[in-house]
Amino acid sequence: MEKLFRTSPDLKVIYVLVRPKQGQTLQQRVFQILDSKLFEKVKEVCPNVHEKIRAISADLNQNDFAISKEDMQELLSHTNIVFHCAATVRFDDHLRHAVQLNVTATQQLLLMASQMPKLEAFIHISTAFSNCNLKHIDEVVYPCPVEPKKIIDSMEWLDDAIIDEITPKLIGDRPNTYTYTKALGEVVVQQEGGNLNIAIIRPSIVGATWQEPFPGWVDNLNGPSGLIIAAGKGFLRSIRATPMAVADLIPADTVVNLTLAVGWYTAVHRPKSTLVYHCTSGNLNPCNWGKMGLQVLATFEKIPFERAFRRPNADFTTNNITTHYWNAVSHRAPAIIYDFYLRLTGRKPRMTKLMNRLLRTLSMVEYFINRSWEWSTYNTEMLMSALSPEDQRVFNFDVRQLNWLEYIENYVLGVKKYLLKEDMAGIPEAKQHLKRLRNIHYLFNTALFLIAWRLLIARSQVARNVWFFIVSFCYKFLSYFRASSTLNA
Ligand SMILES: CCCCCCCCCCCCCCCCCCCCCC(=O)SCCNC(=O)CCNC(=O)[C@H](O)C(C)(C)COP(=O)(O)OP(=O)(O)OC[C@H]1O[C@@H](n2cnc3c(N)ncnc32)[C@H](O)[C@@H]1OP(=O)(O)O
Ligand SMILES: NC(=O)C1=CN([C@@H]2O[C@H](COP(=O)(O)OP(=O)(O)OC[C@H]3O[C@@H](n4cnc5c(N)ncnc54)[C@H](OP(=O)(O)O)[C@@H]3O)[C@@H](O)[C@H]2O)C=CC1
């Protein structure tokens, strides 16, 4: 919406399907977004942007999306282009719910779209990981072993226990219900698109903005953002990741630019078949997880997060045993010790629970940070060459120009500002806090060493002998030093 109004202020109206949430009405939800920093630039070129966004109450879990008759009439008669990006993105969602949102709702939306007389294009947002069971992925819709229609039907009569039982068999070698249902959604789009002008966009891992409307803007915890917080606050200190595996991140504004360009191309050129566009970075400008982790850490040195639990650190491991070791030593043990301290001081323990949640999240993303994929980008490159030089500049989605180090630094800064809402004025205090943590760390390690050594001496003759040898050596060295300094005087 931001980019559309900034580049086309004459646009009449955008209908946005919204559900009320957390005690807020739809209007409040939309106005909260419009009143954010993100929309500051838009308001300069389009001051009446508030009037141009029409929030329509809709819940994709309901029949006909629970849209009122009047709203439905208005939507059907006025819509020129549909961007379908609503989905459940939870990796662990129950299959029934994931199918309802990512497959059935897509089917219903297509049906709705087929009743829109003025519709020019239907743009479906999928994910580059919908076929993550393959290593090389082309810009085509791959068939699923069980037809989506059969899956949709079966979800209506199977009970939860049976669904739980068949879920691993259905998702096969995909890691979760999210990627599986997004793949089903694509098949539905292809099979039931009828005469509609359809395109599918597959972004990889969406990160903060690169350039527009300003660098580093981010507003949710999906993808790396939540883990950047966990690392910056010192909760996450080691990760099972392959440093050389490609980190296929794609900035949010690049996805937006490609999506709008695809909307234009689909409406104007009306390709004969459904085109799939990969919105990925790996084959044009690859960055790996190792480089990303180092740059994230380097940025924490310059711009630390406030009130960190421990000093940020990054141990990458690919080994099962070291993963368990680091999880025990770097994650669970500090959490248990801290909770013990909270109990002692009469407060409610919370760190172990938080750490368990973090480890669960890690176990779910591990699949994606230990593999590399190749996505072909013929259609995306074709689209780039179809744009005029001016449009190539305004709707830039050429990731070859992306400087990763600069991007990651801005990303971390954006996480601090827009997700954690931390003030830059707090940086000196945050640095001071990290210094204190470092001293506590040294003190703790020294105390631990001395206790272990004392216990060892008490139990082992060899340790005692070594200890006496070190002490007598130090004593002789000191005596020699004292004697030679007296002679010199
Ligand atoms: C060692 C040092 C390292 C140093 C450097 C580090 C550098 C960085 C390197 C990092 C490598 C990056 C790898 C990314 C790979 C992504 C691949 C994506 C591929 C596909 C991309 C797509 O195509 S598409 C979007 C993908 N889809 C998601 O990305 C949603 C995932 N997510 C969930 O599937 C649920 O979230 C899940 C997890 C079940 C929990 O479920 P759950 O029930 O336990 O928790 P909830 O979600 O209910 O949230 C409960 C509380 O956790 C908060 N929270 C939510 N998410 C959080 C999160 N990610 N990290 C932290 N905190 C999070 C939330 O804000 C709540 O906070 P509160 O309680 O205070 O409100
Ligand atoms: N983030 C990423 O890394 C990637 C995302 N994608 C795709 O991009 C799209 C957007 O994802 P992202 O922005 O990350 O995720 P979000 O969860 O932020 O966006 C999903 C949207 O769908 C809406 N939604 C979910 N359920 C319903 C419902 N029952 N009725 C109405 N609206 C609903 C949500 O509304 P509400 O705000 O009310 O919860 C939310 O605005 C998805 O299709 C996802 O698959 C693809 C690749 C990567």
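Index from 1, following the sequence. Just follow the structure's listing: the first ligand is 1, and inside any ligand the first atom is 1.
The ring of Phe214 has its center closer than 6.0 angstrom to the ring center of Tyr418. Aromatic pair Trp210/Tyr411: ring centres not closer than 6.0 Å.
Proximity annotation for atom 48 (C) of ligand 2: of Cys279, Ala105, Ser204, Ala128, Ser204 comes nearest, heavy atoms only. With atom 17 (O) of ligand 2 as the reference point, the heavy atom nearest to it among Leu26, Thr181, Val89, Ile250 is part of Val89. Heavy-atom proximity to atom 7 (C) of ligand 2, evaluated over Cys85, Ser126, Ala87, Pro203, is greatest for Ser126. Atom 32 (N) of ligand 2 has its nearest heavy-atom neighbour, among Arg19, Gln22, Lys182, Gln62, in Arg19.
Put simply, no part of Phe129 is less than 4.0 Å from ligand 2, judged by heavy atoms.
Set against the non-hydrogen atoms of Ile125, the atoms of ligand 2 under 4.0 Å away are 7 (C), 8 (O), 43 (O). Residue contact check: Arg29 has heavy atoms under 4.0 Å from atoms 36 (P), 37 (O), 38 (O) of ligand 2. Of all the atoms in ligand 2, the ones that sit under 4.0 Å from a non-hydrogen atom of Asn220 are 13 (O), 14 (O), 18 (O). Residue Asn61 has at least one heavy-atom neighbour below 4.0 Å for each of these atoms of ligand 2: 29 (N).
Considering both main-chain and side-chain atoms, Leu60 comes within under 3.5 Å of ligand 2 through a nitrogen or oxygen pair. Annotation: Thr127 places no N or O atom under 3.5 Å from an N or O atom of ligand 2; distance criterion only. Between Ala86 and ligand 2, no pair of N/O atoms sits closer than 3.5 Å.
Using a 4.0 Å cut-off between heavy atoms, Leu17 makes no contact with ligand 2 at all. Only the side chain of Tyr178 comes within 4.0 Å of ligand 2, judged by heavy-atom distances. At a 4.0 Å heavy-atom cut-off, ligand 2 touches Asn222 through the side chain alone.
Ile163 CD1 to Arg96 CZ: the interatomic distance, rounded to the nearest 0.5 Å, is 3.5 Å.
Glu186 and Ser126 share a donor-acceptor pair across their side chains, judged by distance under 3.5 Å alone.
At distances below 3.5 Å, not a single donor-acceptor pair connects side-chain atoms of Trp373 with backbone N or O atoms of Ile137. Looking at Asn285, its side chain does come within 3.5 Å of a backbone N or O of Val399 through a donor-acceptor pair.
A cation-pi arrangement is found for Lys3 relative to Phe395, the charged atom lying closer than 6.0 Å to the ring centre and inside a 45° cone about the ring normal.
Every residue was checked against the salt bridge (Lys or Arg N to Asp or Glu O under 4.0 Å) condition with Lys149, not counting sequence neighbours, and none meets it. For Phe31, the ring pair (Phe, Tyr, Trp, His ring centres under 6.0 Å) partners at least two apart in sequence or on another chain are His50.
A salt bridge is defined here as a Lys NZ or Arg NE, NH1 or NH2 lying under 4.0 Å from an Asp or Glu carboxylate O, and Arg202 with Glu139 fails to meet this definition.
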